[in-house]
Number of protein chains: 2
Amino acid sequence: MPTPTTKRDDVLGSALTLFAERGFDATTIPMIANDAKVGAGTIYRYFDNKEMLVNTLFQHYVTLFREALEKGYPGESGIREQFHHLFQGMIRFTNEHDHALYFIKTHTSAYFLDAESREQFSHLLMIFETFFEEGKKHDDIRPLPSKALIAIIFGSFLQLYQLVRAGELEATEELLAGVEESCWDAVRRHS
Amino acid sequence: MPTPTTKRDDVLGSALTLFAERGFDATTIPMIANDAKVGAGTIYRYFDNKEMLVNTLFQHYVTLFREALEKGYPGESGIREQFHHLFQGMIRFTNEHDHALYFIKTHTSAYFLDAESREQFSHLLMIFETFFEEGKKHDDIRPLPSKALIAIIFGSFLQLYQLVRAGELEATEELLAGVEESCWDAVRRHS
DNA sequence: ATAACAGGAATGAATATTCATTCCGCTTTT
DNA sequence: AAAAGCGGAATGAATATTCATTCCTGTTAT
């Protein structure tokens with residue numbers, strides 16, 4: 001006996017993949033219905049409209065991601081530990097929710113996001129912002145605006161992940177460790 | 001006396017801005033026509049259809065960007081000089097063609113790009129690839145796949161530029177120099 | 001010099017297509 | 001048997017594309 005709201009989850013799953021692969025505007029409701037093996041009308045049983053659907057999806061994964069980063073955060077350890085935790089968090093989250101991070105990133109400044117979605121997203125950024133601000137205070141992190149540092153980490157990671165998804169690169173332990181080191185060198189203060 | 005094909009250029013200019021700001025699918029032909037102060041039909045005098053238009057635009061700017069990077073490339077200087085040239089090239093190009101790099105980046109893996117566009121784009125990447133391969137040979141660059149290194153540089157730069165466009169960050173000389181240094185530290189081999 | 005004219009350029013209303021959303025009959029559950 | 005869940009055809013609005021017509025600009029004839 002499948003879980004009660006299997007259909008709803010099927011829709012969300014298909015929507016995530018399609019939105020990540022083709023973007024919101026290029027993804028049609030019939031496409032989603034088809035991929036989810038569900039009637040087009042069924043989608044409207046669970047979501048008022050396409051925008052509600054995308055906002056639900058966005059908030060869901062932003063929240064999940066934030067929780068993944070916060071869980072087990074080594075607040076008392078050294079800064080390199082903390083960075084490791086955050087970076088590994090991105091990797092783990094990406095592995096568990098294949099298209100989620102990419103979807104989030106490519107839709108962060110979309111015109112159809114509602115206030116709640118933007119709110120949730122800024123909460124997410126705050127984790128990184130706090131980390132960097134603290135690090136700069138102790139001269140462990142480069143004296144660049146935190147927003148810029150975040151852009152460097154996220155930009156690098158997601159661009160890389162895009163390659164992995166496209167099959168142009170394999171995400172081995174070794175590669176990921178190397179990229180983490182590279183990103184760390186990008187943001188840390190060099191003496 | 002205006003240049004003969006002003007209209008065509010007007011269309012391309014408006015299309016660049018709108019595609020960069022809203023994406024291909026969210027931009028309608030009437031929007032472009034309106035912005036370019038041109039009849040909708042006029043667009044079809046110059047371009048077979050919307051996809052031809054976007055491919056023309058893409059190839060145009062990819063080529064321009066490539067030329068900007070190749071021009072004055074200090075092939076004989078040290079690797080740091082070469083990196084500086086490439087990075088400055090990205091900045092200069094971005095300044096000269098406001099939305100071009102962002103448009104290129106956000107559309108590089110779009111479903112509507114034709115073979116020629118993809119071809120041109122891979123030429124562009126090859127400049128960076130060559131640079132990194134050479135650098136790795138001399139142990140100046142981290143032993144990571146060149147594709148990954150490219151992702152780090154492009155990802156960082158474009159994510160950052162997005163912030164600048166959104167008005168969340170000001171692109172001062174100081175910031176750009178700092179980011180260049182950060183990117184260099186991300187890709188160079190540390191002893 | 002002026003007046004008709006030719007032909008490419010431009011227009012925007014009309015048409016064809018695509019898409020979000022709705023609706024209604026069928027199926028499953030209670 | 002009623003209610004809830006579902007599918008997918010039907011609808012109407014939005015959009016890409018076409019096309020009949022108008023507008024220029026330069027050329028030729030008077």
Side-chain angles (χ1 to χ4, degrees), chain A residues 1-60 103 106-107 110-114 116-117, chain B residues 1-60 103 106-107 110-114 116-117:
Chain A
M1 201 77 349
T3 321
T5 51
T6 277
K7 302 263 171 188
R8 192 187 124 107
D9 289 345
D10 290 348
V11 169
L12 284 172
S14 294
L16 174 64
T17 306
L18 289 165
F19 286 158
E21 280 175 354
R22 323 187 20 118
F24 177 78
D25 291 296
T27 302
T28 70
I29 291 286
M31 266 181 213
I32 297 172
N34 182 62
D35 189 272
K37 296 185 174 63
V38 143
T42 303
I43 292 179
Y44 288 85
R45 286 196 59 71
Y46 296 108
F47 307 97
D48 286 351
N49 52 46
K50 199 182 168 188
E51 298 210 350
M52 279 292 189
L53 169 57
V54 76
N55 275 285
T56 300
L57 203 58
F58 188 85
Q59 287 163 220
H60 176 70
F103 161 70
T106 49
H107 293 80
Y111 61 91
F112 46 75
L113 286 192
D114 61 24
E116 179 62 17
S117 293
Chain B
M1 201 78 349
T3 319
T5 51
T6 277
K7 301 265 170 185
R8 193 186 125 106
D9 289 346
D10 290 349
V11 169
L12 284 172
S14 293
L16 175 63
T17 305
L18 288 165
F19 286 157
E21 279 175 355
R22 326 191 15 121
F24 176 77
D25 291 293
T27 302
T28 70
I29 291 286
M31 265 180 214
I32 298 171
N34 182 60
D35 189 90
K37 294 183 174 62
V38 142
T42 304
I43 292 179
Y44 288 87
R45 286 198 58 72
Y46 296 108
F47 308 98
D48 285 350
N49 50 45
K50 199 182 167 189
E51 298 209 351
M52 279 293 189
L53 168 58
V54 76
N55 275 285
T56 300
L57 203 58
F58 188 85
Q59 288 163 222
H60 176 71
F103 161 71
T106 49
H107 293 79
Y111 61 92
F112 46 74
L113 285 193
D114 62 24
E116 178 62 17
S117 293

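Given the structure is predicted, the values throughout are model-derived calculations rather than measurements. Each chain gets a letter, A, B and so on, in the order the sequences are listed, and its residues count up from 1.
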Can you tell me the distance, in whole Å, between the CG atom of Asn34(B) and the C1' atom of dG12(C)? 13 Å
Side chain of Pro30(B) only, please: which of dA16(D), dC6(D), dT21(C) is the nearest? dA16(D)
Winner on side-chain proximity to Lys50(B), out of dG7(D), dT17(D), dA10(C), is dT17(D)
Are Asp114(A) and Ser117(A) close enough that a side-chain donor and a side-chain acceptor fall under 3.5 Å? yes
Please report the distance, rounded to the nearest Å, between CD1 in Ile43(B) and P in dT18(D). 13 Å
Distance (rounded to the nearest 0.5 Å) between Ile43(B) CD1 and Met52(B) CE: 15.5 Å
Any Phe103(A) side-chain heavy atom under 4.5 Å of Val54(A) side chain: yes
Closest nucleotide among dA16(D), dT11(C), dC6(D) to the Thr42(B) side chain: dT11(C)
Show me the donor-acceptor pairs within less than 3.5 Å that the side chains of residues 11-27 of chain A make with the rest of the protein, sequence neighbours left out.
{"unit_1": "Ser14(A)", "atom_1": "OG", "unit_2": "Asp10(A)", "atom_2": "O", "d": "3.3"}
{"unit_1": "Ser14(A)", "atom_1": "OG", "unit_2": "Asp35(A)", "atom_2": "OD1", "d": "2.6"}
{"unit_1": "Ser14(A)", "atom_1": "OG", "unit_2": "Ala36(A)", "atom_2": "N", "d": "3.3"}
{"unit_1": "Thr17(A)", "atom_1": "OG1", "unit_2": "Gly13(A)", "atom_2": "O", "d": "3.2"}
{"unit_1": "Arg22(A)", "atom_1": "NE", "unit_2": "Ala26(A)", "atom_2": "O", "d": "3.4"}
{"unit_1": "Arg22(A)", "atom_1": "NH2", "unit_2": "Ala26(A)", "atom_2": "O", "d": "3.2"}
{"unit_1": "Asp25(A)", "atom_1": "OD1", "unit_2": "Tyr111(A)", "atom_2": "OH", "d": "2.6"}
{"unit_1": "Asp25(A)", "atom_1": "OD2", "unit_2": "Tyr111(A)", "atom_2": "OH", "d": "3.4"}
{"unit_1": "Thr27(A)", "atom_1": "OG1", "unit_2": "Leu18(A)", "atom_2": "O", "d": "3.3"}
{"unit_1": "Thr27(A)", "atom_1": "OG1", "unit_2": "Gly23(A)", "atom_2": "O", "d": "2.7"}

Between C1' on dA20(C) and CZ on Arg45(A), what's the gap in Å once rounded to a whole number? 18 Å
Give a yes/no on whether any side-chain N or O of Tyr46(A) is located under 4.0 angstrom from OP1 or OP2 of dC6(D). yes
note: Ile32(A), atom CD1; dT21(C), atom P; distance rounded to Å ~ 10 Å
Does Thr28(A) reach a base, just sugar-phosphate, or nothing at all? Heavy atoms under 4.0 Å. sugar-phosphate
Does dT11(C) have its OP1 or OP2 closer than 4.0 Å to a side-chain nitrogen or oxygen of Lys7(B)? yes
Below 4.0 Å: OP1/OP2 of dC23(C) and any side-chain N or O of Tyr44(A): no
Using heavy-atom distances to pick each residue's nearest nucleotide on DNA chain C, tell me which of Met31(A) and Asp48(A) is more 5'. Met31(A)
